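Note sheet for the following structure.
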Amino acid sequence: MTLVYFPPPRPQESLARRYAQQIAQSAWQLALRFGKRTTIHGLDRLLGARASRWERFVWLCTFLSAFLGAVYVCLILSKRYNEGHFQTVVDSTRYPVYRIPFPVITICNRNRLNWDRLGEAKSRFLPNVTDSNQLNLFERIVSTYDDISFGHFQSFERLRNQPTELLSHVNFSLVVDFMSWRCDELLADCLWRHYAHNCCEIFSKRRSKNGLCWAFNSLETVEGRRMQLLDPMWPWRTGSAGPMSALSVRVLLLADKDWPGRKNEKGIDVMVTEPFVWHRDPFYIPANTKTTLEIEPIIYFYDNDTRGVRSDQRQCVFDDEHTSQDFKSLLGYVYMIENCQSECHQEYLVRYCNCTMDLLFPPGQYRSCRSQDLLCLAEHNDLLRYSHQPGEEGFVRNNFEGMVCKCFRNCYSLNYISDVRPAFLPPDVYGNFSYVDLDVHYRFETIMVYRTSLVFGWVDLMVSFGGIAGLFLGCSLISGMELAYFLCIEIPAYGIQGLRQRWRSHRQMATAIDSTATPTLNFRQTMPSQLMEQYIMQLKTEESQRKTLKQKAGNLHSWQRLTFAHKHVISK
């Protein structure tokens, strides 16, 4: 019988120390293995198998100094990249004008309404109404729309102390639409590139922040979109420049049909915008003039590398950046700085009066102002007239409180720089009629294109990082792949191999113990009393087995002695 003694478990500190030593030894073996094959300069000498301590110390200091220097310079480069400095360069000086659409020309009569249709409007919108008070109130309200435009709501002050709620059921936007100037009443003698056109076919009525106007080359109206389906060249373009090379039109001013209660300078407002722009401040052109409107387009755009910079940092917004916090536009319109400003103005209108002027904005989600809301517009007219830029309060003295709209430019911007030159006609030329001969054309056949890009983009950052790594550490992208392969492939494989070897050794040890015939008492899993009983029982069993073996051996000896004696007698 064999007594096997299992020693008590060692303290945790000794096991932890032993494991730490094993891990350190394995890590050093791995480091030596990596040092033999790496292409990073200095590591092969630092991790050399025959290197002395002093040699390792020198190369360690050298490698750490080079590594820290590389990290410091990389931080400087990262800071330069994150600052996002921009540069604007001339991308083209000979870009042909036929590659861009001709601008949208919007013409508005400064007297918005044809007063000759007042009686017909009364019979249409107030049928069966004979009350003179309601009819006079209707006429008074309609007259306030004659000079309607955003920020000029002072005419609604005439409705103070008037029972406007009596006509709250009347949609005055439809009334103004009915009484506004028709195409044949406002436009005549239309020419496009010396070819005569019907003005009502190439102009369409549209809303704007100046009320209802007539626009050429527009896509904002139903007629303009239908024109695009019928004519694939719409919106039209031109490749020539100079007088009479594009649009020519005569704008008729029928002063005898204006509202008699308003005494103002007769003329028109002309707005020049790029497609999909809702509004831009117009030019005033006086009556009885031959006016030349010369346009010089300029394109500004940001390249795609700038998309990695935030919109508030590059100060512009791409038209597809719908998730940007700076994206704001009219409902259904692409992002343009003019559309962003128009939406901001509409939000202020809703904030002050809880309604919007649907004559001045496209159809949207806000409630249209009724007759009882018009006085509110007049009361807040000073707040809606002025607009300020965020951040200008530290540089500009503002005497009036106004609207603050945070709107950045669109990253692709087609700007039309316009030069208006009116020449007054002598009285014997226009006679009893009042009109404006308008000639709109390009100044040059080519335009300037400016491109804005990052001074230090991500490609420059990668090149700089590669140069710094080669300068300080003498490594490249392949060296980085070696390090990544060592960390991600070789180290896990080495650990898995060690675990397999340990598992196999434990299994072999367990098999050897199980195959041993020697009885074993496990002092770790048995109580002391049970151990003593088992020990005594095993002793008794072994003693009985020993006696049995002795008896068998004695019997064998006696049998051999008897057999030998018998053989001896027979031989004699």
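Worth saying up front: this structure is predicted, and the values here are computed from it rather than measured. Keep in mind that the numbers below use all heavy atoms, side chains included, and drop hydrogens, waters and symmetry copies.
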>> Ring-plane angle category for Phe153 and Phe156, please: parallel below 30°, perpendicular beyond 60°, tilted otherwise.
In response: parallel
> Atom CG of Leu375 and atom CG of Leu377: how far apart are they, to the nearest 0.5 Å?
Replying inline: 8.5 Å
> Hey, is Asp177 close enough to Lys205 for a salt bridge, meaning N to O under 4.0 Å?
Replying inline: yes
>> Assess whether a salt bridge exists between Lys122 and Glu139, defined as any Lys/Arg side-chain N lying under 4.0 Å from an Asp/Glu carboxylate O.
In response: yes
> Taking atom types as modelled and ignoring hydrogens, do the side chains of Ser413 and Asn415 form a donor-acceptor contact shorter than 3.5 angstrom?
Replying inline: yes
>> Going by side chain to side chain contact (heavy atoms under 4.5 Å, CB included), Ile105 matches just one of Val272, Thr273, Val249. Which one?
In response: Val272
>> Does Arg370, at its CZ atom, have more than 12 non-hydrogen atoms belonging to other residues, nucleotides or ligands within less than 6.0 Å?
In response: yes
> Partners of Ser123 by side chain to side chain donor-acceptor pair (under 3.5 Å), sequence neighbours excluded?
Replying inline: none
>> Counting neighbours of CZ on Arg80 that are heavy atoms of other residues, nucleotides or ligands and sit closer than 6.0 Å, is the number greater than 12?
In response: no
> Taking all atoms of both residues into account, what is the closest heavy-atom pair of Asp303 and Ser453, and its distance?
Replying inline: OD2-CB, 2.8 Å
> Does some side-chain heavy atom of Ile107 sit less than 4.5 Å from a side-chain heavy atom of Phe203?
Replying inline: yes
>> Main chain of Phe178, side chain of Arg117: is a donor-acceptor contact present, judged purely on distance under 3.5 Å?
In response: yes
>> So does Asn82 get a backbone contact from the side chain of Gln313, meaning a donor-acceptor N/O pair under 3.5 Å?
In response: yes
> Can a salt bridge be assigned to the pair Arg112 and Asp258 using a cut-off of 4.0 Å between side-chain N and carboxylate O?
Replying inline: no
>> Within this structure, what is the CG-SG distance for the pair Asn111 and Cys108, rounded to the nearest 0.5 Å?
In response: 12.0 Å
> Distance only, no hydrogens: is a donor on one side chain within 3.5 Å (strictly under) of an acceptor on the other, for Glu392 and Gln389?
Replying inline: no
> With under 30° as parallel and over 60° as perpendicular, where do the rings of Tyr145 and Phe172 fit, or are they tilted in between?
Replying inline: parallel
>> Test your reading of the model: is there a side-chain donor-acceptor pair from His380 to the backbone of Cys376, 3.5 Å cut-off?
In response: yes
> Relative to each other, are the rings of Tyr412 and Phe301 parallel, tilted or perpendicular (30° and 60° limits)?
Replying inline: tilted
>> According to side-chain contact (heavy atoms from CB on, under 4.5 Å), who are the partners of Phe433, at least two apart in sequence or on a separate chain?
In response: Tyr435
> Going by an N to O cut-off under 4.0 Å, is there a salt bridge joining Arg94 and Glu445?
Replying inline: no
> Is there a disulfide bond (SG atoms under 2.5 Å apart) between Cys199 and Cys183 once you walk through the steps?
Replying inline: CA-CA 7 Å; Cys199 295; Cys183 175; 5.9 Å; no
>> Any carboxylate oxygen within less than 4.0 angstrom of a Lys/Arg side-chain nitrogen, looking at Glu157 and Arg160?
In response: yes
> Would His388 and Tyr386 satisfy ring pair (Phe, Tyr, Trp, His ring centres under 6.0 Å), going step by step from the backbone distance to the final call?
Replying inline: CA-CA 7 Å; His388 309 303; Tyr386 303 102; 7.1 Å; no
>> Tell me if the CZ atom of Arg237 is crowded by more than 12 foreign heavy atoms within 6.0 Å.
In response: yes
> Between Ile100 and Tyr95, is any pair of side-chain heavy atoms under 4.5 Å apart?
Replying inline: yes
>> Among Cys316, Cys411, Cys340, exactly one meets side chain to side chain contact (heavy atoms under 4.5 Å, CB included) together with Tyr335. Which residue is that?
In response: Cys340
>> Within this structure, what is the CZ-CZ distance for the pair Phe400 and Arg385, rounded to the nearest 0.5 Å?
In response: 8.5 Å
> Are a donor atom and an acceptor atom from the side chains of Asp326 and Ser311 found within less than 3.5 Å of each other?
Replying inline: yes
> Would you call the rings of Trp278 and Tyr333 parallel, tilted or perpendicular, where under 30° means parallel and over 60° means perpendicular?
Replying inline: perpendicular
> Would you call Leu438 and Arg250 a side-chain contact if the rule is heavy atoms closer than 4.5 Å?
Replying inline: no
> Between Asp437 and Lys290, is a salt bridge (Lys or Arg N to Asp or Glu O under 4.0 Å) present by the stated rule, with each step listed?
Replying inline: CA-CA 5 Å; Asp437 282 335; Lys290 185 176 182 180; over 6 Å; no
>> Both conditions, 6.0 Å and 45 degrees, for the charged tip of Arg307 above the ring of Phe318: are they met here?
In response: yes
>> Measuring only between side-chain heavy atoms, which start at C-beta, is Asn264 closer than 4.5 Å to Lys266?
In response: yes
>> Does the structure place the NZ or CZ of Arg351 under 6.0 Å from the centre of the six-membered ring of Tyr348, at an angle of no more than 45° from the ring's axis?
In response: yes
>> Does this structure show an ion pair linking Arg262 with Asp146, if we count only N-O contacts that are shorter than 4.0 Å?
In response: yes
> Between Lys328 and Glu347, is there a side-chain N and carboxylate O pair less than 4.0 Å apart?
Replying inline: yes
> Can Ile417 and Ile295 be said to form a side-chain contact (heavy atoms from CB on, under 4.5 Å), step by step?
Replying inline: CA-CA 6 Å; Ile417 300 177; Ile295 300 174; over 6 Å; no
>> Tell me whether Asp269 is salt-bridged to Arg110, with the criterion being a basic N under 4.0 Å from an acidic carboxylate O.
In response: yes
> Got more than 12 heavy atoms from elsewhere within 6.0 Å of CD, Gln87?
Replying inline: yes
> Run the disulfide bond (SG atoms under 2.5 Å apart) check on Cys353 and Cys369 step by step: do they pass?
Replying inline: CA-CA 8 Å; Cys353 298; Cys369 293; over 6 Å; no
> Do Thr221 and Ser204 have side-chain N/O donor and acceptor atoms under 3.5 Å apart?
Replying inline: yes
> With a 3.5 Å cut-off and no angle check, do the side chains of Thr292 and Asp439 form a donor-acceptor pair?
Replying inline: no
>> Rounded to the nearest 0.5 Å, what separates atom OG1 in Thr356 from atom NE2 in His345?
In response: 12.5 Å
>> Check this for me: does any side-chain nitrogen of one of Arg310 and Asp312 sit under 4.0 Å from a carboxylate oxygen of the other?
In response: yes
>> One pair to check against side-chain contact (heavy atoms from CB on, under 4.5 Å): Val142 and Leu113. What are the steps and the verdict?
In response: CA-CA 9 Å; Val142 171; Leu113 305 177; 3.8 Å; yes
> Minimum heavy-atom separation for Val277 to Glu338, with atom names?
Replying inline: CG1-CB, 3.6 Å
Check residues 211-218 and write down every donor-acceptor pair under 3.5 Å in which the side-chain atom is one partner and the other belongs to a residue at least two apart or another chain.
from: Trp214; atom 1: NE1; to: Trp181; atom 2: O; distance (Å): 2.9
from: Asn217; atom 1: OD1; to: Trp236; atom 2: N; distance (Å): 2.7
from: Asn217; atom 1: ND2; to: Phe102; atom 2: O; distance (Å): 2.7
from: Asn217; atom 1: ND2; to: Trp236; atom 2: O; distance (Å): 3.2
from: Ser218; atom 1: OG; to: Glu220; atom 2: N; distance (Å): 3.1
from: Ser218; atom 1: OG; to: Glu220; atom 2: OE1; distance (Å): 2.7

> Measuring from Leu383:CG to Leu349:CG, what's the distance to the nearest 0.5 Å?
Replying inline: 11.5 Å
> Do the side chains of Leu454 and His85 get nearer than 4.5 Å, heavy atoms only?
Replying inline: no
> OG1/Thr446 to CE/Met448 distance, rounded to the nearest 0.5 angstrom?
Replying inline: 9.0 Å
>> Is it the case that over 12 heavy atoms from other parts of the model lie below 6.0 angstrom from the CD atom of Glu165?
In response: yes
> Is the CG atom of Asp256 crowded by more than 12 outside heavy atoms at less than 6.0 Å?
Replying inline: yes
